[in-house]
Participant: 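This structure is in structure tokens; I'll ask about it shortly.
Lettering follows sequence order; numbering is per chain, from 1. As the structure is a prediction and not an experimental result, all values here were calculated from the model.
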Protein chains: 2
Amino acid sequence: MAPRTRRTERRAEALSRERIVEAAVELLDSAGERGLTFRTLTERLATGPGAIYWHVANKGELLDAATDAVLAAALTPTPGRADAADAADAPRAEIHAVALGLFDTIDAHPWLAGRIAAQLSLSPWRSVAPRVLEALGRQVAALGVPEAHWFTATSALMHYILGAAGLNAANARTAAPETDRGAVLDATSRAWKELDAGAYPFTRAVADQMRTHDDRAEFLAGLDLVLAGIAARYPPAER
Amino acid sequence: MAPRTRRTERRAEALSRERIVEAAVELLDSAGERGLTFRTLTERLATGPGAIYWHVANKGELLDAATDAVLAAALTPTPGRADAADAADAPRAEIHAVALGLFDTIDAHPWLAGRIAAQLSLSPWRSVAPRVLEALGRQVAALGVPEAHWFTATSALMHYILGAAGLNAANARTAAPETDRGAVLDATSRAWKELDAGAYPFTRAVADQMRTHDDRAEFLAGLDLVLAGIAARYPPAER
DNA sequence: ACCTGAACACCGTTCAAGT
DNA sequence: ACCTGAACACCGTTCAAGT
């Protein structure tokens, strides 16, 4: 056998945990959670499974590392991004910015939703929970919420944001690439209108509002409801 | 010998879609999503994989059927369960009842969380979305929210309820049976207190509130924040 | 220390064959 | 019409062996 063209399929740099995680994120983004296997990963990295297991304990740890890598970028504060008109509105603007950052990140990496849920509870001391809590909680404090209600108010915000963003991401998660959002909304709206009039009067009534809704705008409207509730129930302490 | 011992490994009744779904739910409850395989299922039903594929198209359809079966029970209205002191408070009490029903159901069947998210978006015309929307939306209308905001208000409620319940369920989903909740909260609280004082002042400040919190009570407190926000932002139309 | 690649146990699914 | 069970392609993981 001839001495082969010099490593056309051979990787240029040494393997490292970072390179493995990077390739994992790419596979997850392009093919979803089912697209990341040790076969596709070893093929892309031009190596064998044993090499990956040298740097990573198992698939779960790899998914956790991928989650951390993507979320770290999303949660890195970008000072001044809010540029609120007046300072009084700064906390609300900052909460919007954090929420939209998470919403858009989860929308762009839909596989994140399931992983965040797993991490939040499996290891609540790890980076995700404290980072999100800290970013939101400081603004909750700035809004004047009495300290006794800090945890409750911030938890509710965090649950709404991560929950709603996660449910929304399921859209992108499994929808075929050529699936037209408008067509899905049309079909769903039509199906709702054909529900039994006696059993589903409300759903029939909102079928048109559903058809024309904007995911991002609805997400923000819901966020503002939570914020309005916080303002109403936990008004700033007198002084 | 008593008729009991006869055909210990042979099933008594003919296979049916219902019996298969029933067995699937039991396996999911006892061993989680990873515990349901065609091997464990055929063993429990004393049959082969081909028999199951005669009644069910594939594993995805089986999981959808299991989800529908469990949610149908949770969403069946139980009239009079709320028994509010006065009628004015009836909508809020009913929303609490629906929310707690979903919270407890998802808590008891943690595998539901991921499946609900998938169904909500993959096929929003199917039973889950209209049923939840209808149950919540009627009460939103009863609260006097103007019709123009019905969809937004009800969507926010639904996203909070399903999102928060789903994130909470991740707790039960992977925690080892002998894991003591109190011990986890203690360890998490301690870890939070050891975070960098400059970077995590808020998280450190709420570490004690987190340690003593009650999941169900926090869930309801967050729900009340959304409801308070709805009352504040979408007050009943004048007449 | 880092990597190779064959091998193992297990998975969802198919299908020719039975009744 | 309904069920059997061997077989297939694929998965995560291991490990003796190389450098």
Participant: Rounded to the Å, how far apart are L45(B) CG and dC2(D) C1'?
Facilitator: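 One finds 15 Å between C1' of dC2(D) and CG of L45(B), rounded.
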
Participant: Check whether any side-chain N or O of W54(B) sits under 4.0 Å from OP1 or OP2 of dC2(D), and answer yes or no.
Facilitator: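 So the side-chain polar atoms of W54(B) do come within 4.0 Å of the phosphate oxygens OP1 or OP2 of dC2(D), strictly under.
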
Participant: Tell me: NZ of K59(A) to C1' of dC10(C), nearest whole Å?
Facilitator: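 My rounded result for the distance is 14 Å.
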
Participant: Evaluate salt bridge (charged side-chain N to carboxylate O under 4.0 Å, His left out) for R138(B) paired with E94(B), printing each intermediate quantity in order.
Facilitator: CA-CA 10 Å; R138(B) 289 185 186 189; E94(B) 178 62 22; over 6 Å; no

Participant: Between dA1(D) atom P and H55(B) atom NE2, what is the distance in whole Å?
Facilitator: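 Distance check: H55(B) NE2 to dA1(D) P gives 13 Å.
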
Participant: Can you tell me, in whole Å, how much space there is between the C1' of dA16(C) and that of dC3(D)?
Facilitator: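 Between the two C1' atoms, the distance is 13 Å.
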
Participant: Out of dT13(D), dG12(D), dT14(C), which nucleotide sits closest to the side chain of N58(A)?
Facilitator: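 Among dT13(D), dG12(D), dT14(C), the one nearest the side chain of N58(A) is dT13(D).
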
Participant: Using a 6.0 Å cut-off, check whether atom CD of E43(A) has over 12 heavy atoms from anything other than its own residue.
Facilitator: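 For E43(A), atom CD is not crowded (no more than 12 foreign heavy atoms under 6.0 Å).
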
Participant: For Y160(A) and F219(A): C-alpha separation, side-chain torsions, deciding distance, then whether ring pair (Phe, Tyr, Trp, His ring centres under 6.0 Å) applies.
Facilitator: CA-CA 9 Å; Y160(A) 171 77; F219(A) 172 73; 5.8 Å; yes

Participant: In whole angstrom, give the distance that lies between atom CZ of R39(A) and atom C1' of dC11(C).
Facilitator: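 Rounding to the nearest Å, CZ of R39(A) and C1' of dC11(C) are 12 Å apart.
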
Participant: Give the nucleotide from the list dG12(C), dC3(C), dG12(D) with an atom nearest to the side chain of T37(A).
Facilitator: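 Selected nucleotide: dG12(D).
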
Participant: Taking only the side-chain heavy atoms of P49(B) (C-beta and beyond), determine which of dA6(D), dT14(D), dT4(D) contains the nearest atom.
Facilitator: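 Closest nucleotide among those given: dA6(D).
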
Participant: Nearest to the A14(B) side chain among dC3(D), dT13(D), dT4(C), which nucleotide is it?
Facilitator: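 Nearest to the side-chain atoms of A14(B), counting from C-beta on, is dC3(D).
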
Participant: Take atom CZ of R19(B) and atom P of dC3(D), then tell me their distance rounded to the nearest Å.
Facilitator: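 These atoms are roughly 10 Å apart.
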
Participant: State whether the side chain of T42(B) and the backbone N or O of R39(B) hold a donor-acceptor pair below 3.5 Å, judged by distance alone.
Facilitator: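 Yes, because the side chain of T42(B) sits within donor-acceptor range (under 3.5 Å) of the backbone of R39(B).
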
Participant: Under 3.5 Å, side chain of T40(B) to main-chain N/O of G35(B), donor-acceptor pair present?
Facilitator: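 Yes.
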
Participant: What's the CD1-C1' distance between I52(A) and dT14(D), to the nearest Å?
Facilitator: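 These atoms are roughly 14 Å apart.
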
Participant: Considering only NZ, NE, NH1 and NH2 on the basic side and carboxylate oxygens on the acidic side, decide whether D196(A) and R204(A) come within less than 4.0 Å.
Facilitator: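 Salt bridge flag = no for R204(A) with D196(A).
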
Participant: Treating a pair as Watson-Crick (purine N1 to pyrimidine N3 plus N6-O4 or O6-N4) or G-U wobble (N1-O2 and O6-N3) with both distances under 3.5 Å, list the stems of 3 or more consecutive pairs that involve DNA chain C.
Facilitator: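 Looking at DNA chain C, the stems formed by three or more consecutive pairs are C:4-8 with D:12-16, C:12-16 with D:4-8.
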
Participant: Whole-Å distance between dG5(D) P and E43(B) CD?
Facilitator: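 So the CD-P distance, E43(B) to dG5(D), works out to 14 Å.
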
Participant: Dump the intermediate steps for side chain to side chain contact (heavy atoms under 4.5 Å, CB included) on L63(A) and L36(A), then the final yes or no.
Facilitator: CA-CA 9 Å; L63(A) 284 165; L36(A) 173 64; 4.0 Å; yes

Participant: Just the rounded figure in Å: distance from C1' of dT19(D) to CG of L15(A).
Facilitator: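 Going from L15(A) (CG) to dT19(D) (C1'), I get 16 Å.
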
